[in-house]
Amino acid sequence: MPTTVSMTVNGKKVSGSVEPRTLLVQFIRETLGLTGTHVGCDTSQCGTCVVHVDGKSVKSCTMLAVQAEGSDVLTIEGLAKDGKLHPMQEAFREHHGLQCGFCTPGMVMSAVDLVKNNKNPSEHEIRDWLEGNLCRCTGYHNIVKAIAAGAKAMA
Amino acid sequence: MPEGTGIGASVRRREDGRFLTGSGTYTDDINRPGQTHAIMVRSPHAHAKIKKIDRAKTLKMPGVLAVYTGEDMKVGGLPCGWLVKNQDGSPMVEPPHPALAQDFVRHVGDIVAVVIAETKQQARDGADALGVDYGVLPAVVDTRAAVKPGAPQVWEQAKGNICYDWGLGDKAAVDAAFAKAHKVAKIDLVNNRLIPNAMEPRAAIGDFDRATGEHTLYTTSQNPHVIRLLMGAFVLSIPEAKLRVVAPDVGGGFGSKIYHYAEEAIVTWAAAQLKKPVKWTAERSESFMSDAHGRDHATHAELALDKDGKFLALKVETLANMGAYLSTFSTCVPTYLYATLLAGVYTTPAIFANVKAVFTNTVPVDAYRGAGRPEATFLLERVVDVAAREMKMDPAEIRRKNFIQPSQFPYQTPVALQYDTGNYGATLDMAMKMADYKGFAARKDASAKKGKLRGIGMACYIEACGIAPSAVVGSLGARAGLYECANVRVHPTGSVSVFTGSHAHGQGHETTFAQVVADKLGIPIEQVDIVHGDTGKIPFGMGTYGSRSIAVGGAALVKALDKIVAKGKKIAAHLMEASEKDVEFKDGKFTVAGTDKSKAFGEVALTAYVPHNYPITELEPGLEEQAFYDPLNFTYPSGCYIAEVEVDKETGSIEIARFVASDDFGKIINPMIVEGQVHGGVAQGLGQALLENCVYDKDGQLLTGSYNDYCMPRADDLPSFEVQHTDKPTPCTHNPLGVKGCGEAGAIGAPAAFMNAVCNALGVAHLDMPATSEKVWRAANAHMARAAE
């Protein structure tokens with residue numbers, strides 16, 4: 001039976017009717033039409049669906065929409081403010097940290113959460129943190145560079 | 001020219017804004033009004049007869065609109081784009097390739113039926129309820145096992161599972177050279193099967209306009225016109241004028257999105273049946289069992305040497321796995337994209353290759369980043385290291401001794417290609433310097449003191465890119481031309497739209513192609529828009545693969561821009577009352593030589609569209625030009641990669657201590673993007689060598705069918721790379737930009753460099769990829785491993 005969920009997404013109160021089995025990522029993409037959050041696998045491995053739920057990075061394919069009831073969700077669409085890219089987004093651009101762009105929203109959201117937890121991560125710490133985010137284009141080289149630069153810019 | 005946006009500048013990418021803010025439009029982001037959802041019902045068996053499909057229960061379920069099987073969809077088969085002939089001149093075996101299985105299934109993942117419903121969940125529930133009764137048949141999966149007597153037959157018409165038995169080179173010359181050889185280095189190797197895994201799963205939406213009768217397919221493709229041609233002409237019989245194929249933002253391809261896939265035909269056909277849009281998006285587990293796989297060779301090779309270490313001859317016998325059906329370009333990969341590269345960067349005078357392509361009950365195999373060239377390079381650079389080991393020569397010395405010298409170009413190889421230019425010593429020197437090759441012995445000692453094994457390895461690669469001269473490939477069996485197109489539309493106020501047949505799915509064409517326009521027309525890059533990926537907008541083009549975009553698509557763009565400038569000169573000459581031959585164009589201005597007269601590009605553009613004062617009897621109004629470019633030869637990027645590894649004997653784990661790349665891509669449009677391409681290619685090459693392997697069990701079940709089982713390279717598996725462009729580049733001699741292409745180099749050169757380092761560390765002649773901890777531990781502890789067994 002469909003049920004109603006309500007949450008705050010990118011600062012706006014939203015609600016929608018979902019089946020109990022609906023994943024948070026499906027609610028974000030299909031009900032809210034926020035297609036910046038992607039789906040790249042079915043085993044919670046790839047990290048293209050990473051969003052922030054109550055300030056923490058979460059793979060939105062591993063959570064049911066109903067589990068996010070009342071939560072504060074931030075997606076890639078809500079990261080830039082007043083038309084200005086977030087410093088982490090700017091760093092990805094400056095350091096060519098993306099190619100096809102498909103993993104990028106998850107990478108950026110994950111990176112922002114890393115820097116919240118570790119203001120000055122080493123290369124090793126960045127690589128370790130990205131264990132749950134796959135990229136097939138960049139070989140991670142420029143993503144690691146971008147995150148280090150983004151961390152400095154966020155300080 | 002505006003500073004910093006022209007050819008050679010590391011312009012930051014113009015496409016990044018949308019990707020970084022979640023505003024890209026990938027196929028699954030598109031939703032059409034009234035859209036329905038398709039779920040493919042796939043075979044759980046590798047080989048079976050379909051005895052019965054019972055759709056009654058599914059059709060009664062909520063929201064289900066239709067169930068279609070092979071009985072309903074009687075259309076043409078998916079075509080193979082390249083006819084390869086046997087050594088005796090007879091054609092290859094070309095079995096049918098139906099979109100929906102007809103009576104038999106031949107690999108796990110083969111599509112048996114499609115269930116279409118109002119929502120995806122309803123379609124999935126309906127698919128789960130579909131009753132399919134299979135009569136399971138024996139299956140064959142292993143490449144070498146497929147040709148053994150008594151192996152199960154995938155196709156009745158392919159005796160011994162052989163698709164073709166093909167040869168290239170002079171066998172008699174090779175035999176004669178082997179007869180007088182001082183030494184023969186031998187190798188048996190497997191080039192492991194890979195699953196491409198672009199991060200965006202494939203997706204397709206079929207749409208049908210009842211008013212116009214026009215079909216539209218939105219699809220994750222690297223080449224929308226190729227899909228339109230193959231699907232329209234061969235499968236569904238839809239004239240081009242009534243079929244539009246749109247490939248919007250595409251999340252990586254690496255070859256796997258070149259081919260025409262069954263799902264594209266199914267959703268296009270079903271949309272016309274239902275008169276409603278039909279959408280399908282692959283789940284990752286479907287991608288694993290339906291995206292064309294890569295590599296999968298079993299090879300024996302022998303290299304004959306004289307007493308000084310000069311290569312006398314090479315002979316190669318390869319079995320190449322095609323899978324169960326012939327995917328679009330599958331047949332040319334282990335032949336014309338493989339054996340033609342077996343000279344590598346060396347002067348080996350005689351080469352013979354025999355390639356047998358075999359059918360197995362596995363997913364079709366086709367081109368994957370590098371396509372044939374990684375297989376050729378891995379084989380050659382491994383056997384050269386085996387030779388160096390047997391001759392007790394340094395791997396760098398034996399390579400240098402056999403290099404084709406800069407003075408020898410153009411160089412005709414014994415395997416059909418003619419290299420136009422190159423300087424292999426220069427990239428080797430640079431890589432050795434970057435890697436501090438001289439200091440290796442000391443580092444090895446330091447590792448030994450810690451109880452670790454240290455190894456260094458190199459690979460000198462060459463690739464043939466910019467596919468291809470149409471006449472050449474046509475004579476070799478290609479069923480398509482391989483030119484590229486560009487249309488340059490100058491708008492009345494001087495801004496420019498470029499419509500290109502090249503397709504970007506990560507390569508950054510919206511930036512690099514715009515750099516070429518800004519450079520040639522001298523206008524700000526902001527005034528240039530690059531349009532691609534929609535057959536409704538662009539002229540007929542062949543798309544992006546084989547590192548061809550800038551070498552072929554970029555060349556077409558330059559030709560079209562030259563036509564724009566030529567017409568602009570005529571208009572400017574009229575405006576300035578000068579002779580056309582005195583008009584020059586530079587930095588966005590038309591000037592008359594020896595005078596101070598000048599007209600800006602924008603003024604000329606406006607005049608073309610507001611032709612009040614215009615040579616109307618001699619010249620048509622408007623400023624829009626189109627060009628097709630068909631290359632005269634392939635381009636030949638080359639380079640040297642060096643890997644250094646440290647092996648832990650206790651655990652068999654490998655740390656990549658260093659990876660350096662020195663490439664010669666000729667002229668470079670955007671160094672930042674080129675370096676990024678090398679990073680990504682190297683990561684895929686290291687993935688193949690260190691981690692990735694597609695594994696089937698003996699019954700044809702795909703054991704590596706998810707990211708839990710198939711080992712993708714992650715950030716913590718890889719080091720940072722040191723990538724440099726050669727200080728002595730050799731620009732391509734036959735295209736107008738002097739470019740060679742850079743997309744595949746990393747995946748071509750990295751596996752051999754890495755495995756040479758691993759073998760060097762372990763002191764063994766050969767180890768098959770991937771170098772997993774278990775395999776490495778066994779090699780490092782051979783005595784213990786034997787005792788344990």
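Values below: every heavy atom of this structure, side chains too, minus hydrogens, waters and symmetry copies. Proteins come first, then strands; the chains are lettered A, B, ... in the order of their sequence lines, and each starts at number 1.
- Among the residues in residues 141-155 of chain A, those with a non-hydrogen atom closer than 4.5 angstrom to a non-hydrogen atom of chain B are His141(A), Asn142(A).
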Evaluation steps, salt bridge (Lys or Arg N to Asp or Glu O under 4.0 Å), between Arg13(B) and Glu510(B): CA-CA 8 Å; Arg13(B) 298 203 324 168; Glu510(B) 289 168 43; over 6 Å; no
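- Interface remark: of the candidates Val723(B), Val682(B), Asp29(B), Asp29(B) forms the most heavy-atom pairs closer than 4.5 Å to chain A.
- Within the 4.5 angstrom heavy-atom criterion, no atom of Leu686(B) approaches chain A.
- Counting only heavy atoms from C-beta outward, the side chains of Arg18(B) and Asp249(B) approach each other to under 4.5 Å.
- Under 3.5 Å, the side chains of Ser285(B) and Asp42(A) contain a donor-acceptor pair of N or O atoms.
- Taking chain B as the reference chain and counting heavy-atom pairs below 4.5 Å, the highest number among Leu130(A), Leu134(A), Asp128(A), Thr138(A) is found for Leu134(A).
- Donor-acceptor pairing under 3.5 Å is lacking for the side chains of Ser15(A) and Thr4(A).
- Most heavy-atom pairs under 4.5 Å with chain B, from the set Cys100(A), Gly139(A), Gly36(A): that is Cys100(A).
- Heavy-atom distances place no part of Glu15(B) under 4.5 Å from chain A, backbone and side chain included.
- Residue Asp28(B) touches chain A through both its backbone and its side chain, counting heavy-atom pairs closer than 4.5 Å.
- Residues satisfying the salt bridge (charged side-chain N to carboxylate O under 4.0 Å, His left out) test with Glu286(B), not counting sequence neighbours, are Arg42(B).
- Taking Ala683(B), Ser10(B), Pro201(B) one by one and counting their heavy-atom pairs under 4.5 Å with chain A, the maximum is reached by Pro201(B).
- For residues 6-44 of chain A, every residue pair satisfying the ring-ring contact (aromatic ring centres under 6.0 Å, His included) rule, not counting sequence neighbours, is listed here: His38(A)-Phe102(A), His38(A)-Tyr26(B).
- Counting heavy atoms from C-beta on, the side chains of Tyr140(A) and Met107(A) come closer than 4.5 Å.
- A donor-acceptor pair is defined here as one N or O able to donate and one able to accept, closer than 3.5 Å; such a pair exists between the side chain of Arg136(A) and the backbone of Pro196(B).
- Between chain B and the options Glu131(A), His124(A), His96(A), Gln89(A), heavy-atom pairs under 4.5 Å are most frequent for His96(A).
- Looking only at atom types and distance, the side chain of Asp113(A) has no donor-acceptor partner in the side chain of Ser110(A) under 3.5 Å away.
- Contacts of Phe288(B) with chain A are absent, with no heavy-atom separation under 4.5 Å from either backbone or side chain.
- Of the atoms belonging to Glu90(A), not a single heavy atom falls under 4.5 Å from chain B.
- Side-chain contact check for Leu85(A) versus Phe92(A): every heavy-atom pair is 4.5 Å or farther apart.
- Both the backbone and the side chain of Thr21(B) have a heavy atom closer than 4.5 Å to some heavy atom of chain A.
- At least one side-chain heavy atom of Ile30(B) sits less than 4.5 Å from a side-chain heavy atom of Arg32(B).
- Looking at Gln45(A) and Arg714(B), their side chains do bring a donor and an acceptor atom within 3.5 Å of each other.
- Of the N and O atoms on the side chains of Thr220(B) and Glu200(B), not one donor lies less than 3.5 Å from an acceptor on the other residue.
- Counting heavy-atom pairs closer than 4.5 Å to chain A, the top-ranked of the candidates Ala198(B), Gly22(B), Gly508(B), Gly506(B) is Gly506(B).
- Proximity to chain A involves both the backbone and the side chain of Gln121(B), based on heavy atoms less than 4.5 angstrom apart.
- Both the backbone and the side chain of Thr43(A) come within contact range of chain B, each with at least one heavy atom under 4.5 Å from a heavy atom of that chain.
- When His679(B), Arg369(B), Glu744(B) are each tested for a side-chain hydrogen bond (donor to acceptor under 3.5 Å, both in side chains) with Gln684(B), only one passes: Arg369(B).
- Contact count versus chain A (heavy atoms, under 4.5 Å) is highest, among Met672(B), Gln677(B), Glu675(B), for Met672(B).
- No donor-acceptor contact under 3.5 angstrom links the side chains of Ser256(B) and Asp291(B), judged on distance only.
- Between the side chains of Tyr641(B) and Asp663(B), at least one donor N or O sits under 3.5 Å from an acceptor N or O.
- Scanning residues 49-81 of chain A against chain B with a 4.5 Å non-hydrogen threshold yields Ile76(A), Glu77(A), sorted by number.
- In this structure, Phe754(B) and Ile656(B) have side chains that are in contact, with non-hydrogen atoms separated by less than 4.5 Å.
- Interface summary for chain B: among Met88(A), Arg21(A), His86(A), the most heavy-atom pairs under 4.5 angstrom belong to Arg21(A).
- Using a 4.5 Å cut-off between heavy atoms, Glu19(A) touches chain B through its side chain atoms alone.
- The contact between Val250(B) and chain A is made entirely by backbone atoms, counting heavy-atom distances below 4.5 Å.
- Atom OG of Ser221(B) and atom NE2 of His503(B) lie 6.5 Å apart (nearest 0.5 Å).
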